[in-house]
2 protein chains.
Amino acid sequence: MKISTRARYGMRAMLDIAVHSDGGLVLLKDIAARQEISKRYLEHMMTQLRNSGLVVSERGASGGYRLARDPGDIRLDEIFEALEGEIAVVECIRDAAICSRADECVTRDLWCEVASAIRSVLGTKTLADLKKRYERVKEQGRDSGRGDVRVHSSTGRAVK
Amino acid sequence: MKISTRARYGMRAMLDIAVHSDGGLVLLKDIAARQEISKRYLEHMMTQLRNSGLVVSERGASGGYRLARDPGDIRLDEIFEALEGEIAVVECIRDAAICSRADECVTRDLWCEVASAIRSVLGTKTLADLKKRYERVKEQGRDSGRGDVRVHSSTGRAVK
DNA sequence: ATTAATCCTATCGTTATGGTAGGGTATTTT
DNA sequence: AAAATACCCTACCATAACGATAGGATTAAT
Ligand code: FES
Ligand code: FES
């Protein structure tokens, strides 16, 4: 279970646009440069984001991208799903015929819970929240007092 | 973001063992038959589970598998990670050098939260819980009153 | 020795991932 | 009108992951 670069890059791109558009358009070139992502590759993600109606583009010279809606109105799960596809799906949710005896299958419930958990993280935050967080981190550094949660390198679990 | 068949099959296998071992050993053959999974394929998952120390095997005629520990002492995230690998990793957690400017990267925090959310679903349940759930479902049917949460086929979100 | 079980390793086809490339189209600027 | 700029579409490619199958090697009970 890894998060794809698409999702990571795309999310960063969205944040980048939110941060750097002063009402105007943001250039792919600039996003790519700031985020140090291949412009050509980033194009794909922008396409996905556009097709999902999260950004709108203007073509031609002095074109660019901007958010389709207010940052406070773009949930992070929308961004995620635009890039990564539906969250933590087990096919048998849609189509119970896939698993034999889906009726008595109690593990399916489990996967649903996992999906819900992810959604409740990403679905309760908006791009505006992320932007706020970014700006806080940027101006005061990463809360160097005690914030930076150490995680154990192999378990990923938080550690004392 | 899909959950692999390995994880699904493996989880079902673990549940199957928990349910069908009366202190004794459970045969791969039987698990495969009950779960309608290719025996040959299931072997792989059993290997992973064994290597992770979640089941122990006995070889030779009248060999088989049993849980390495008490079901109440086997967390579901252990099973999941044995099969699927580390939960929701972004590489830059381990190795900050992977992402340029990981210091000011606020999206990384987001992915950490996602990972935590998954862990808090799977890490707070044990195989004993799952077994209990299974037995409840089995004897009284799937709570046919109102339980079966309908989810929207495309969003996966719960629907009225 | 036979049988029945796990174990090890290789293979294979398909799909997904990560990324590059070429050329096309729209719009502004000159 | 022409040049420049920026997005757009489509194809391609290499590698890895996934899902599954297969052959044969061990181990142990009968
Ligand atoms: S119904 Fe699909 S895993 Fe059980
Ligand atoms: S530090 Fe890895 S995604 Fe930002």
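No hydrogens, no waters, no symmetry mates; every other heavy atom, side chains included, goes into these values. Each chain gets a letter, A, B and so on, in the order its sequence line appears, and its residues count up from 1.
In summary, of the residues considered (A/Leu67, A/Val55, A/Leu130), a side-chain contact (heavy atoms from CB on, under 4.5 Å) with A/Ile74 occurs for A/Leu67 alone. Checked against B/Tyr65 for a side-chain contact (heavy atoms from CB on, under 4.5 Å), the options B/Glu58, B/Met46, B/Met14 give a single hit: B/Met46.
Panel note: side chain A/Arg12, backbone A/Gln35; a donor-acceptor pair is recorded below 3.5 Å. Distance alone, capped at 3.5 Å, is enough to place a donor-acceptor pair between the B/Thr126 side chain and the B/Ala128 backbone.
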Test log, rule side-chain contact (heavy atoms from CB on, under 4.5 Å), inputs A/Leu110 and A/Val106: CA-CA 7 Å; A/Leu110 193 66; A/Val106 77; over 6 Å; no
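Between the CD1 atom of A/Ile37 and the P atom of C/dG18 there is a distance of 12 Å, rounded to whole Å. At whole-Å resolution of the value, CG in A/Leu25 and P in C/dA26 are 18 Å apart. Remark: P of C/dA5 and CG of B/Leu42 are 15 Å apart, rounded to the nearest angstrom. The NZ-P distance, from B/Lys2 to C/dT15, rounds to 12 Å in whole Å. Whole-Å rounding puts the A/Glu84 CD to C/dG18 C1' distance at 13 Å. Between the C1' atom of D/dC7 and the CE atom of A/Met45 lies a distance of 16 Å, rounded to the nearest Å. Taking atom CZ on A/Arg40 and atom C1' on C/dG22, their separation rounds to 7 Å, with Å as the unit. Straight-line distance from the OH atom of A/Tyr41 to the P atom of C/dG18: 5 Å, rounded to whole Å.
Here the nucleotide nearest the side chain of B/Lys29, chosen from D/dG24, C/dA5, C/dG22, is C/dA5. Each of C/dG19, D/dC9, D/dA20 was ranked by its minimum atom distance to the side chain of A/Glu43; first place goes to D/dC9. Closest to the side chain of B/Ser4, out of D/dG19, C/dT20, D/dG23, is D/dG19. Taking the side chain of A/Leu28 as heavy atoms from C-beta on, and the options D/dG19, D/dC7, C/dG19, the nearest nucleotide is D/dC7. Considering only the side chain of B/His44, C/dA10 comes nearest among C/dA10, D/dG24, D/dA6. Proximity note for B/Leu27 (side chain, C-beta onward) versus D/dC9, C/dT6, D/dA20: the nearest is C/dT6. Here the side chain of A/Arg6 is nearest to one of C/dG18, D/dG24, C/dA21, namely C/dG18.
Near DNA chain D, defined here as any heavy-atom distance below 4.0 Å, the residues from residues 46-65 of chain B are B/Arg59, B/Gly60, B/Ala61, B/Ser62, listed numerically.
Of the side-chain N and O atoms in A/Ser38, one or more sit less than 4.0 angstrom from OP1 or OP2 of C/dT20.
Using cut-offs of 30° and 60° on the angle between ring planes, the pair A/Tyr9 and A/Tyr41 is perpendicular.
For the atom pair CZ (B/Arg6) and CG (B/Leu49), the distance works out to 11.5 Å, reported to the nearest 0.5 Å.
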